[in-house]
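Start at 1 and go down the list; that is how both ligands and their atoms are numbered.
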Amino acid sequence: MHTIPTLTDQYQRRFTYLRLSVTDACNFRCNYCLPDGYSCDSDEPNLSIPEIAAVANAFALNGTKKIRITGGEPTLRKDLAEIIHVCKTTPGIESVALTSNGYRITRLLPSLVDAGLDQLNLSADSLHPAQFQLITGHDKLQEVLAGLDLALELGLSKVKLNVVLLQEYNKAEIDNFFAFVKHKNISLRFIELMRTGDNGAFFNAQHFSGQEIETRLLEQGWRKTDTGPHAGPAKEYSHPEYAGRIGLIMPYSKDFCSSCNRLRVSSVGNLHLCLFADENQSLRPLLSMPSEQVARHIRQCVLGKKATHELHNNLSGSTRHLAMLGG
Ligand SMILES: Nc1nc2c(ncn2[C@@H]2O[C@H](COP(=O)(O)OP(=O)(O)OP(=O)(O)O)[C@@H](O)[C@H]2O)c(=O)[nH]1
Ligand SMILES: C[S@@+](CC[C@H](N)C(=O)[O-])C[C@H]1O[C@@H](n2cnc3c(N)ncnc32)[C@H](O)[C@@H]1O
Ligand code: SF4
Ligand code: SF4
């Protein structure tokens, strides 16, 4: 019988999840990510549909089960539904997820679901419209919230809301965020602000640890839920009186990377072994070769993956901001 190889590194971590960026362009100006807005600094075109199919195939041959499409802002790609379809119909891929800022999500979502989208993560760092606008540069909170409701209505298997923790912009709202999931079957995830190459001063002023929230959750009767053996580094909490769950993504916490289950490919086809790696390998020249050859190359590369990031040493590798890689 033919057994599917798995992507495993020298620390016995298994990689069954690909985060595929489809553009690094974005229409928002989040103050921790692209405070001056997006500016294009390369002529290299984004991966085409056949190239995305080749990437998906090679990863699937290596046992990848889930592809998350991210960016920049992936909904800026006019062929997003086709990208989703190509990923979803790749043999071996079980689920396709999308991370978006939600700018035009209610208009787009039905066609994305028809194309095979299974899971949706949207971002909103404040539940106050004016504060949301201050953080992102756009008055779009109502659209994002409507997008969450529509995703639930359309029956997506997982719907999440990402909230980056910011000392001066949303720390006072933590209890509002808890209350938000009382009657909504979503997972709201607090993400610790990460230092990138570009945001050092902002990071120093705004970062605080998710540990404080964990303590508050436990005091209020929330309990850690089992997210399964290959769930990745996020923690999740549930409460008998709440329909939704609260998640914590705490990259500065001990052992965060020991459960790393993901690899990344940038919008121009570079394989990044870590969100904060120093170097990357271009897969693009290989994508016209047989998928098995590309798959073998990826297996070799993964052996060089480091145990953890170096965020503790104030190093973010070559990652200037997360829009360039999709978070
Ligand atoms: N340091 C680090 N941060 C991550 C990692 N994965 C996700 N994050 C952070 O969490 C943010 C939210 O990620 P999402 O794109 O919503 O998806 P996710 O939570 O990683 O994954 P799902 O389990 O698929 O929902 C990312 O943009 C990053 O900021 C990771 O492997 N390392
Ligand atoms: C890079 S964005 C790409 C997808 C889409 N544009 C969005 O905002 O959802 C993915 C996620 O990364 C988060 N993010 C961006 N920069 C970050 C940083 N420096 N630290 C922590 N999270 C960050 C965003 O809030 C968002 O939830
Ligand atoms: S976090 Fe997402 S929406 Fe905000 S600037 Fe970065 S890529 Fe754009
Ligand atoms: S920081 Fe790097 S090694 Fe750690 S969980 Fe994220 S991608 Fe994996």
message: For atom 8 (Fe) of ligand 3, what is the number of protein N, O or S atoms at a distance under 2.8 Å?
response: 1

field: Residue portion contacting ligand 4 (non-hydrogen atoms closer than 4.0 Å) for R262
entry: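 Neither; no heavy atom under 4.0 Å.
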
- request: Work out which heavy atom in R284 is nearest to a heavy atom in P45; give both atom names and the distance.
  value: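 Taking R284 first and P45 second, the nearest heavy atoms are NH1-O, 2.8 Å.
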
message: Quick one about S100 and E73 (side-chain donor to acceptor, distance below 3.5 Å, no hydrogens or angles considered), yes or no?
response: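 Checked: E73/S100 side chains pair up, N/O donor to acceptor below 3.5 Å.
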
query: For S253 and Q211, does a side-chain donor sit closer than 3.5 Å to a side-chain acceptor?
result: no

N or O contacts of ligand 2 with protein under 3.5 Å, please list pair by pair.
residue, atom, partner, partner atom, Å
ligand 2, 6 (N), G72, O, 2.9
ligand 2, 6 (N), E73, OE1, 3.2
ligand 2, 9 (O), S100, O, 3.3
ligand 2, 9 (O), S123, OG, 2.7
ligand 2, 19 (N), M194, O, 3.0
ligand 2, 20 (N), M194, N, 2.9
ligand 2, 25 (O), Y32, OH, 2.9
ligand 2, 27 (O), S123, OG, 2.9
ligand 2, 27 (O), N162, ND2, 3.2

- line: Looking only at protein heavy atoms, what sits closest to atom 3 (S) of ligand 4 is K305 NZ, 3.5 Å

statement: protein heavy-atom neighbour closest to atom 7 (S) of ligand 4 works out as R264 NH1, 3.1 Å

Heavy-atom proximity to atom 5 (S) of ligand 4, best of F256, F15, Y11: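 Closest candidate by heavy-atom distance is F256.
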
field: Axial cation check for Y237 ring with K224, 6.0 Å and 45° limits
entry: no

field: K184 charged N/C atom sitting above F180 aromatic ring, 6.0 Å / 45°
entry: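 Yes, a cation-pi geometry holds between K184 and F180.
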
message: By the ring-ring contact (aromatic ring centres under 6.0 Å, His included) test, which pairs, at least two apart or in different chains, include something from residues 116-147?
response: F28-H138, Y103-H138

Check ion pair R320-D24 (N to O, under 4.0 angstrom): no

query: What protein atoms of element N, O or S are positioned under 2.8 Å from atom 2 (Fe) of ligand 4?
result: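 Those protein N, O or S atoms (cut-off: under 2.8 Å from atom 2 (Fe) of ligand 4) are C274 SG.
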
query: Do the rings of Y32 and F202 sit parallel, tilted or perpendicular, given the 30° and 60° boundaries?
result: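 Ring orientation of Y32 relative to F202: tilted.
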
